[in-house]
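The basis for the numbers below is simple: all heavy atoms, side chains too, and nothing from hydrogens, waters or symmetry mates. Numbered from 1 within each chain, the chains take letters A, B, ... in sequence-line order.
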Amino acid sequence: MTTRDNNRYNFIAIESKWQKKWLAEKTYKVTEDTSQNKYYLLEMFPYPSGRIHMGHVRNYSIGDVVARYKSMQGYNVLHPMGWDAFGLPAENAAIKHNTHPAIWTYENIDYMKNQLQRMGFSYDWDRELATCDPDYYRWEQLFFIKMYKKGMVYQKITEVNWCETCQTVLANEQVIEGECWRCDNQVLPREMNGWFFKITDYAEELLSECSNLSGWPEKVLTMQRNWIGKSEGAEIDFPIDGLEGKLTVFTTRPDTIYGATFMSIAPEHPLVEKLCKGTGQEKAVEGFAKETAIERRRQKPEDELDKKGIFTGSYCINPYNGNKIPIYAANFVLMEYGTGAVMAVPAHDQRDYEFARKYDIPVVIVIQQDSVEIDSASIECAYEGPGTLINSDNFNGMSSESAKVAITEFAQEKGFGKKRTTYRLRDWGISRQRFWGAPIPMIHCEKCGVQPVPENELPVLLPTDIQPDRSGRSPLPDLESFYKTSCPSCSGVARRETDTMDTFVESSWYFARYACPDFTEGPLKKENVDYWLPVDQYIGGVEHAILHLLYARFFTKAMRDLGYLVIDEPFSNLLTQGMVIKDGTKMSKSKGNVVDPNDLIEKYGADTVRLFSLFAAPPEKSLDWSDKGVDGASRFLNRIYRFIHTHLETLTTGQDKTAPEMNNAGRLLHRKTHQTIRKVTRDIEDNFHFNTAISAVMELVNTLHSVTGTEAKEEVNPAIIREAVKSTILLLHPMVPHICEELWEKIGHQNSLNREKWPTYDPEAAKEDELTIVLQVNGKVRSRLQVSADITEEDLEHMALEDEKVKQFVGDKPIRKVIVVKKKLVNVVA
RNA sequence: GCCUGGGUGGCGGAACUGGUAGACGCAAGGGACUUAAAAUCCCUCGGUCCUUGUGGCUGUGCGAGUUCGAUUCUCGCCCCAGGCACCA
């Protein structure tokens with residue numbers, strides 16, 4: 001081996017050396033220390049699918065920079081990691097390999113933990129948790145029971161997607177064009193009993209709190225608001241002609257009620273049967289309902305359903321004008337929203353308009369547009385905007401806005417209607433007919449009904465001695481040792497609930513458990529969660545913008561109302577990072593463009609991989625993976641390494657107590673150093689723009705090379721070089737910690753960089769003493785001036801007018817105006 | 001259809017509150033070192049025109065506008081990505 005080889009950047013040796021040291025010394029372990037300011041940084045925990053992918057690399061690299069940066073800023077940083085370990089892939093793998101899902105899961109966890117450690121992330125591994133661990137899910141079961149006792153959980157029968165072949169319920173996203181994603185068989189609607197969390201009780205709070213989440217991207221808040229989908233309107237009763245009872249509708253446009261010319265109700269509406277009875281329409285309506293059910297399920301989400309309906313044979317009475325209007329069952333009316341019945345105003349609602357034209361139903365205009373007159377014969381689409389009421393008896397002449405209020409109040413006074421707010425958000429159905437999930441801790445007793453498992457009997461453990469069979473059906477309902485139990489109230493024979501919880505429940509509270517992962521007396525240790533929560537910065541993929549984040553917000557409020565937490569919102573700041581793509585598309589096996597982090601770590605080392613994933617794009621944008629770009633990142637680290645090695649003598653000798661003497665080159669480097677500290681600090685602090693932070697450090701390193709290179713005219717004071725190099729290492733540490741620790745040690749430091757202070761800049765040193773002033777004539781750049789920073793505006797103007805190029809372009813035209821912008825430019829208008 | 005983002009060199013991306021468009025990196029081309037290659041170092045690098053200069057014109061999706069000056073602000077349009085989608 002030659003000396004040159006000894007000085008080469010050996011990332012394999014360096015990275016494993018520091019990783020071992022960090023692990024052995026528990027460098028990143030934190031404790032609750034109220035004398036220090038806390039900072040809780042969290043990245044979304046992974047599903048242990050087998051190996052980490054580039055999305056994880058990016059997510060966790062971003063998080064690690066923030067954790068290390070905050071730590072150097074003096075915060076007591078909580079930065080934990082764990083495993084979202086329940087879920088269907090484990091069951092499928094278990095079937096395939098004839099084993100237990102736990103075995104597959106824990107093997108994956110071991111492997112992936114090792115991968116994360118090889119990336120050098122600064123986690124406090126003492127707080128690691130896996131949601132499939134009974135010590136975790138037992139507390140989830142306790143939450144369930146507490147919520148049940150408080151009325152926040154209930155059971156109801158709903159229609160679900162059922163796959164007969166797989167013997168399971170499928171989530172909506174697992175039904176592809178009406179067929180099961182796994183076996184391609186037709187999915188059937190099926191009525192099933194399931195457990196629900198009353199998230200709708202929190203709809204208003206979840207919505208209104210959105211405006212307080214100033215640290216969240218507007219995009220995510222908009223998505224959440226839309227998902228909650230609040231709409232304000234009225235509920236109005238329409239008596240049914242010739243029958244007992246009434247049809248209640250929800251409308252956001254009570255002002256258009258005089259224009260209602262028919263009613264449309266969902267084909268599965270409970271009144272349908274009664275409405276068509278004895279009218280001769282029974283058969284036809286029943287057939288229509290069946291057809292609609294099938295069609296809806298088959299329908300691709302992107303194409304619009306043809307509007308269809310059928311007359312039920314009955315009429316109802318508009319309570320405002322006494323008009324008798326026909327009731328139709330229509331395929332576009334949803335039973336789940338509002339009341340399942342709609343008053344149809346074809347003149348002012350596009351869907352109703354299309355429907356009315358198709359079935360030849362009258363169109364009555366009741367809102368007159370302010371600018372143009374419209375009439376019912378000539379209009380070609382509904383007018384949905386505001387206007388003035390016509391054809392509306394006493395309400396004529398009112399604006400649509402005030403009529404909404406007046407018409408609703410009228411109904412309220414007369415007792416046939418009221419104000420009503422509806423939400424698109426539905427209660428959260430959490431029952432899954434699956435094995436690998438947290439058992440729902442309930443007991444069904446024939447005599448006493450449904451009962452919660454007594455709290456002191458928790459956890460309800462998943463059996464460990466079974467294997468899921470090939471049918472894909474959960475073994476729990478057939479496993480007597482699991483389901484057979486006694487009733488907590490009458491002690492008779494009873495049956496355990498065999499459904500498990502949606503895995504989104506685990507991820508709805510894991511962030512709180514990290515505050516006290518080993519606490520055995522309850523789910524959350526009060527003083528710990530009060531110290532650490534809320535999460536100061538949460539980082540994860542934008543694909544979780546609705547479900548996970550909404551559920552976690554809801555669960556936080558539920559835990560608060562159960563007395564476990566004092567906070568209202570779990571995540572103060574949210575960063576949603578973009579996808580990692582390659583060749584312009586998502587990485588996927590079928591496209592053959594998947595990049596495996598392991599290959600990269602082996603070829604380039606973790607620091608290079610981290611550096612490139614931070615450098616290639618700002619975090620919120622998608623990252624286009626480029627193999628050549630990785631070479632560039634690797635080259636940069638080598639360049640720093642080599643520089644420090646060739647200047648080791650300069651860097652390790654000498655005392656830097658007093659202010660050093662500076663020549664021009666020295667001043668240049670000194671200034672650049674302080675400018676870089678300023679730029680990097682701001683880029684991290686303001687918006688996590690690590691790409692520009694890294695490019696700033698690259699510029700500093702380029703300057704270091706140019707002032708010390710063979711072309712350099714003068715020798716720079718070694719103290720200035722030492723300052724530049726030390727700053728470079730400190731600034732890069734959060735991004736590429738291994739090489740920085742190594743170089744820090746090489747230049748004579750003993751402390752781990754994690755205990756070093758983040759560098760500060762001297763504004764005086766960062767100040768430019770010479771500026772380039774741009775000279776424009778009529779807004780076009782014509783010349784440049786080098787001036788000292790303290791030049792007066794008058795002198796600047798004078799110099800500009802004397803400039804040869806300026807004179808040339810002004811020619812003999814008179815000067816009309818001279819605009820002087822301090823430190824920037826002079827524009828001569830001629 | 002509605003709601004969010006976003007359109008800048010061959011590519012990823014920079015540009016503070018309206019003030020030098022293209023930082024930094026990649027790719028490409030040229031050169032140095034070398035027997036050679038790799039590595040490294042240096043130079044060029046939006047387009048175009050000519051009289052080759054310390055040059056002219058032009059250029060941030062398209063079209064207008066405000067301004068001394070617009071990638072940045074306003075209006076209209078086109079395209080791309082993501083979300084929601086018969087929600088009454």
Review point. Under 3.5 Å, is there a donor-acceptor pair linking the side chains of A/D631 and A/S634?
Key: no

Practice item. Counting heavy atoms from C-beta on, name the nucleotide in B/A85, B/G12, B/G25 closest to the side chain of A/R424. Key: B/A85

Point to revise | For atom OH of A/Y9 and atom P of B/U40, their distance in whole Å | key: 14 Å

**Study point:** Test: A/E232 and A/K404 ion pair at under 4.0 Å
**Key:** no

Review point. So how far is it from A/I739 CD1 to A/Y9 OH, rounded to the nearest 0.5 Å?
Key: 4.0 Å

Review point. Between A/K230 and A/E204, does at least one N-O distance fall below 4.0 Å, as a salt bridge requires?
Key: yes

Check your understanding: Quick one: which of B/C41, B/A23, B/A88 gets closest to the side chain of A/R642?
Key -> B/C41

**Study point:** B/G61 versus B/C79 - spacing of their P atoms, nearest Å
**Key:** 16 Å

Exercise for review: With rounding to the nearest 0.5 Å, note down the distance linking CD in A/Q786 to CE in A/M799.
Suggested key: 9.5 Å

Exercise for review: Find the distance A/H689:NE2 to B/C16:P and express it as a whole number of Å.
Suggested key: 12 Å

Review point. Can the ring centroids of A/W625 and A/F612 be said to lie less than 6.0 angstrom from one another?
Key: yes

Practice item. Give the nucleotide from the list B/C84, B/A14, B/A23 with an atom nearest to the side chain of A/E699. Key: B/A23

Check your understanding: Looking at B/A88, B/C84, B/G83, which one has an atom nearest to any side-chain atom of A/W227?
Key -> B/C84

**Study point:** Opposite nucleotide pairing with B/G5, Watson-Crick or G-U, both atom distances under 3.5 Å
**Key:** B/C80

Review point. Quick one: side chain to side chain donor-acceptor pair (under 3.5 Å) pairs with a partner in residues 252-261 of chain A, sequence neighbours left out?
Key: A/R253-A/D255

Review point. How far, in whole Å, is B/G29 from B/C45 if one measures between their C1' atoms?
Key: 8 Å

Practice item. Using the C1' atom as the reference point in each nucleotide, state the distance between B/A32 and B/A37 in Å, no decimals. Key: 15 Å

Revision key, fill the gap. Whichever of A/G632 and A/G229 has the more 5' nearest nucleotide on RNA chain B, that residue is A/G632

Review point. Are A/E620 and A/H689 linked by a side-chain donor-acceptor pair shorter than 3.5 Å?
Key: yes

Study note, to complete from the structure: Side-chain atoms of A/S695 come closest, of B/G56, B/C24, B/U40, to B/C24

Check your understanding: Of all the choices, B/A23, B/A27, B/G12, which nucleotide is nearest to the side chain of A/A616 once you look at every atom?
Key -> B/G12

Point to revise | Rounded distance in Å between the C1' positions of B/U71 and B/G6 | key: 13 Å

Review point. Nearest to the side chain of A/N691 - B/A14, B/G83, B/A88?
Key: B/A14

Revision key, fill the gap. Quick note, A/V829 side chain, CB onward, closest among B/C68, B/A88, B/G83 is B/C68

**Study point:** Proximity to the side chain of A/F615 - top-ranked nucleotide from B/A85, B/U40, B/C24
**Key:** B/C24

Review point. Could you run down nucleotides 1-9 of chain B 5' to 3' and tag each one B, S or - for protein heavy-atom contact under 4.0 Å?
Key: --SS-----

Check your understanding: Does B/C87 have OP1 or OP2 sitting under 4.0 Å from an N or O in the side chain of A/R351?
Key -> yes

Exercise for review: Searching all strands shown, indicate the nucleotide that pairs with B/C57 (Watson-Crick or G-U wobble; both distances under 3.5 Å).
Suggested key: B/G47

Practice item. Starting at atom CZ of A/R782, determine the distance to atom C1' of B/G69, rounded to an integer number of angstrom. Key: 13 Å

Check your understanding: Roughly, in whole Å, what's the span from CG in A/L425 to C1' in B/C84?
Key -> 14 Å

Check your understanding: Is there a Watson-Crick or G-U wobble partner for B/G19 with both distances under 3.5 Å, and if so, which one is it?
Key -> B/C68

Point to revise | Assigned glycosidic conformation for B/G9 [threshold 90° from 0] | key: syn

Review point. Checking side chain to side chain contact (heavy atoms under 4.5 Å, CB included) against A/Y328, which of A/T312, A/V342, A/I361, A/I310 comes through?
Key: A/I361

**Study point:** Protein proximity profile, nucleotides 17-22 of chain B - base contact B, sugar-phosphate-only contact S, no contact -, cut-off 4.0 Å on heavy atoms
**Key:** --BBS-

**Study point:** Paired nucleotide for B/C75 [Watson-Crick or G-U wobble; both distances under 3.5 Å]
**Key:** B/G63

Study note, to complete from the structure: Here the distance between atom C1' of B/U40 and atom CG of A/D631, to the nearest Å, is 15 Å

**Study point:** Check against side-chain contact (heavy atoms from CB on, under 4.5 Å), A/H705 and A/F643
**Key:** CA-CA 8 Å; A/H705 269 90; A/F643 181 90; 4.0 Å; yes

Revision key, fill the gap. note: A/R635, atom CZ; B/A38, atom C1'; distance rounded to Å ~ 12 Å

Check your understanding: Under 4.0 Å between a Lys/Arg side-chain N and an Asp/Glu carboxylate O for A/R671 and A/E768?
Key -> yes

Review point. Could you state the CG-P distance from A/L704 to B/C24, rounded to the nearest angstrom?
Key: 15 Å

Check your understanding: Separation of A/N638 atom CG from B/C41 atom C1', in whole Å?
Key -> 15 Å

Point to revise | Base-pairing mate for B/U40 - Watson-Crick or G-U, with both contacts under 3.5 Å | key: B/A32

